[in-house]
Amino acid sequence: MRRITRRAALGEAALGALLLAGCGGSGGTGAARSGSTLVSTWVDPVGDGQLRVGPGEALVDRTELGRRAAGASVLATFAHVTDAHVLDASSPARVTFLNRLGPPFQSTFRPQETLTTQVLAGAVAAIRRLGPQLVIQGGDLIDNDQHNELAHALAVLRGGAVRPGSGRDGYFGVQLASDPDPFYYRPDLDAPRYPGLLRKAVREFSSPGLDAPNYPVLGDHDVLVAGEIVPTPLTQSLAVGDQALWHLTPGLTLPSGVGKQVSTSPDGPPDPGLVQSFLTQALAGPTVRVPADPARWEMTVAEVVAALGAAGGGGAAGAPGLAAATAAERLDYVVDVGPSVRLIVLDLVQRDGGSGGLVSPGQPEWLAAQLAAAGERWVIVVTHQPLQSSVGGDALLTLLDRSPRVIAALYGHIHRNEIVARPTPAGGYWLIATSSMIDYPQQARALRLLTTAGGGVVLETWMLDHVFPGPLGQISRQLSFLDAQGGRPAGFAGSRLDRNVRLYRDAA
């Protein structure tokens with residue numbers, strides 16, 4: 001069997017694409033300015049690898065948990081944007097060289113990775129046009145626990161000038177045209193060609209900012225290096241230093257069976273020790289001299305949580321618990337949306353390392369108390385990692401199963417659009433996952449809860465495409481679509497029933 005590099009795979013996927021003037025066009029003509037996929041979608045109708053504007057997807061009724069009924073009054077409208085993975089593509093602390101080992105390291109390099117701030121800004125623009133009461137920032141806002149990544153991401157959410165890039169040159173990384181490594185995609189030289197993309201990716205731009213309170217969920221990448229490792233003196237020195245690991249050390253291979261390890265997300269292997277081991281071995285090999293940047297320092301959990309809390313809705317009347325949660329360095333808190341809806345946010349990040357979720361001591365009791373205090377409010381529980389794959393998650397699911405007012409558990413982490421009904425004797429609820437902003441399809445989720453006749457509710461949900469002005473957002477979407485290790489071959493867009501739907505739930 002012929003073995004090809006990721007660069008070659010991307011080039012072969014792009015051969016049939018109709019790239020304007022040989023260097024890629026924005027391809028945005030006719031797309032909904034709102035980003036709403038109810039109005040328009042991005043499709044590849046002829047299979048040539050080029051995304052084009054397609055028709056919108058209407059809401060489809062799902063009645064596994066309730067009878068179809070007309071929606072009456074709106075109880076809440078909100079948005080869920082998760083797994084933005086805003087990253088410093090020039091950081092010497094990144095482990096891009098591991099990507100060539102294949103699964104489970106496929107997320108350590110992506111051809112569109114220089115455009116994460118622009119994609120998040122495009123999602124913010126779409127959410128502003130939705131006009132929600134609040135926004136749930138679902139975790140993994142950043143990629144590698146770096147201070148400059150978080151500064152860029154929060155600048156996008158806050159609005160105003162955003163200055164992506166780092167170091168003396170803005171970008172100095174594996175995608176440079178001067179890098180002869182055949183593995184990495186170089187936009188100035190390789191198909192699909194986008195000359196000048198690396199320079200344009202680090203130019204200052206203006207973000208519209210959110211115009212509704214945002215409530216943060218903590219993700220593993222927010223506080224762990226590569227979403228896996230607790231920062232150490234070694235990783236800290238790499239991050240702020242001038243020696244980068246771009247190339248795979250000769251003889252460095254996966255231990256037997258690692259490629260078959262099951263993971264619930266594209267983050268990497270379940271065992272964080274693998275990344276630490278490979279990093280140590282790789283440092284014994286050749287490194288590349290890069291411009292250093294002291295703003296790349298890796299943060300403590302307390303620093304990340306404090307910054308997220310300060311930028312979030314802690315001062316809003318609907319979430320007085322966020323300030324207390326920030327002080328406790330654990331983002332477990334409640335947001336009451338009007339008189340009829342309660343959001344319960346849970347922090348499942350492992351403080352000792354590892355990308356999977358972990359239920360901490362005391363969380364079941366705390367959740368039980370919040371469910372009881374909800375009274376007649378409808379409840380949506382929000383996490384980063386799915387409860388159903390988290391260590392100890394069964395205890396929390398049991399509590400949700402018993403509550404007649406729980407209508408949904410909302411999460412990210414798996415980078416996939418997915419909606420699964422969970423019937424229970426108490427009435428049941430919906431398990432709802434939203435795709436990431438870094439892998440195809442790069443979408444956020446709109447949600448609107450309405451009452452129905454007979455005391456039930458319907459949760460209407462649909463996907464939002466990012467709408468960054470100019471070509472950069474569409475270039476990112478196109479590259480993510482062509483990525484042979486990305487969201488398209490992995491099916492991250494989900495099925496028709498995982499996107500634009502009405503989710504009915506009968507009265508409790």
Side-chain angles (χ1 to χ4, degrees), residues 82-83 85 103-105 107 136 138-141 143 145 216-232 255 257-277 300-302 304-305 308 325 328-333 344-371 379-403 406 408-416 418 420 422 424 429-434 436:
T82 187
D83 296 272
H85 289 272
F105 298 107
S107 67
I136 299 169
D140 282 3
L141 178 63
D143 191 64
D145 184 39
V217 182
L218 194 66
D220 46 296
H221 280 262
D222 297 324
V223 295
L224 300 173
V225 179
E228 294 274 356
I229 305 170
V230 176
T232 67
V258 169
K260 298 179 180 178
Q261 286 190 13
V262 176
S263 179
T264 58
S265 85
D267 282 346
D271 179 10
L274 280 173
V275 179
Q276 182 68 57
S277 172
T300 65
V301 172
V304 175
V305 169
L308 292 175
E329 300 179 14
R330 180 168 291 279
L331 290 182
D332 295 331
Y333 63 98
I344 301 177
V345 178
L346 292 168
D347 180 344
L348 301 179
V349 174
Q350 300 186 54
R351 277 18 182 205
D352 295 331
S355 64
L358 173 68
V359 175
S360 299
Q363 274 187 316
E365 293 78 11
W366 183 85
L367 175 60
Q370 305 313 313
L371 291 171
V379 175
I380 297 174
V381 175
V382 187
T383 59
H384 177 67
Q385 296 93 338
L387 287 173
Q388 56 270 32
S389 64
S390 297
V391 176
D394 286 346
L396 302 189
L397 287 169
T398 297
L399 293 172
L400 304 189
D401 291 348
R402 294 172 180 167
S403 173
V406 173
L410 181 65
Y411 51 92
H413 190 62
I414 63 174
H415 292 206
R416 178 188 302 273
E418 184 175 77
V420 178
R422 185 176 173 96
T424 70
Y429 51 96
W430 300 93
L431 302 172
I432 304 174
T434 302
S436 74

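This one's a predicted model, so the numbers in the text were calculated from it and none came from an experiment. Below, all heavy atoms of this structure are taken into account, side chains as well, without hydrogens, waters or symmetry copies.
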Under 3.5 Å, side chain of Arg416 to main-chain N/O of Ala433, donor-acceptor pair present? no
List the atom of Asp332, the atom of Ala325, and the distance in Å for their closest heavy-atom pair. O-CB, 3.4 Å
Output for pair (His85 NE2, Leu141 CG), nearest 0.5 Å, gives 10.0 Å
Answer whether the closest heavy-atom distance between the side chains of Ile380 and Ile344 falls below 4.5 Å. no
Atom CG of Leu431 and atom CD of Gln388: how far apart are they, to the nearest 0.5 Å? 5.0 Å
What's the spacing between Glu365 CD and Leu399 CG if we round to 0.5 Å? 8.5 Å
Leu410 and Thr434: CA distance, side-chain angles, deciding distance, side chain to side chain contact (heavy atoms under 4.5 Å, CB included) verdict: CA-CA 8 Å; Leu410 181 65; Thr434 302; 4.1 Å; yes
Could you go through Val379 and Val381, starting from their C-alpha distance and side-chain angles, then the distance that decides it, and tell me whether this counts as side chain to side chain contact (heavy atoms under 4.5 Å, CB included)? CA-CA 6 Å; Val379 175; Val381 175; 4.1 Å; yes
For a quick test of reading the model, state the closest non-hydrogen atom pair linking Leu397 to Arg422 and the distance between them. CB-NH2, 3.8 Å
Separation between OG (Ser403) and CD (Gln370), nearest 0.5 Å, reads 12.0 Å
Locate the shortest heavy-atom distance separating Trp366 from Tyr333; write the atom from each residue and the value. CH2-N, 3.4 Å
Measuring from atom CD of Glu228 to atom OG of Ser355, what distance do you get when rounded to the nearest 0.5 angstrom? 4.5 Å
For Tyr429 against Thr424, the heavy-atom pair lying closest together: CE2-CG2, 4.1 Å
Is the backbone of Asp145 close enough, under 3.5 Å, to the side chain of Asp143 for a donor and an acceptor to pair up by distance? no
With rounding to the nearest 0.5 Å, note down the distance linking CZ in Arg351 to CG in Leu218. 5.5 Å
Heavy-atom nearest pair, Ser390 first then Leu358, reads CB-N, 4.2 Å
Could you tell me whether the side chain of Gln363 and the main chain of Leu346 form a donor-acceptor pair under 3.5 Å? no
Using side-chain heavy atoms (C-beta onward) and a distance below 4.5 Å, is Leu348 in contact with Thr383? yes
Kindly give the heavy-atom pair with the smallest separation between Leu400 and Ala409, and that separation in Å. CD1-CB, 4.5 Å
Main-chain N/O of Asp220 paired to Asp140 side chain as donor or acceptor, under 3.5 Å: yes
Indicate yes or no: at least one non-hydrogen side-chain atom of Val391 is less than 4.5 angstrom from one of Val359. no
In the structure I gave you, are the side-chain heavy atoms of Val305 and Leu331 within less than 4.5 Å of one another anywhere? yes
Between His384 and Gly219, is there a donor-acceptor pair closer than 3.5 Å when you use the side chain of the first and the backbone of the second? no
Is there a donor-acceptor contact under 3.5 Å linking the side chains of His413 and His221? no
Between Thr82 (side chain only) and Gly138 (backbone N and O only), is there a donor and an acceptor less than 3.5 Å apart? yes
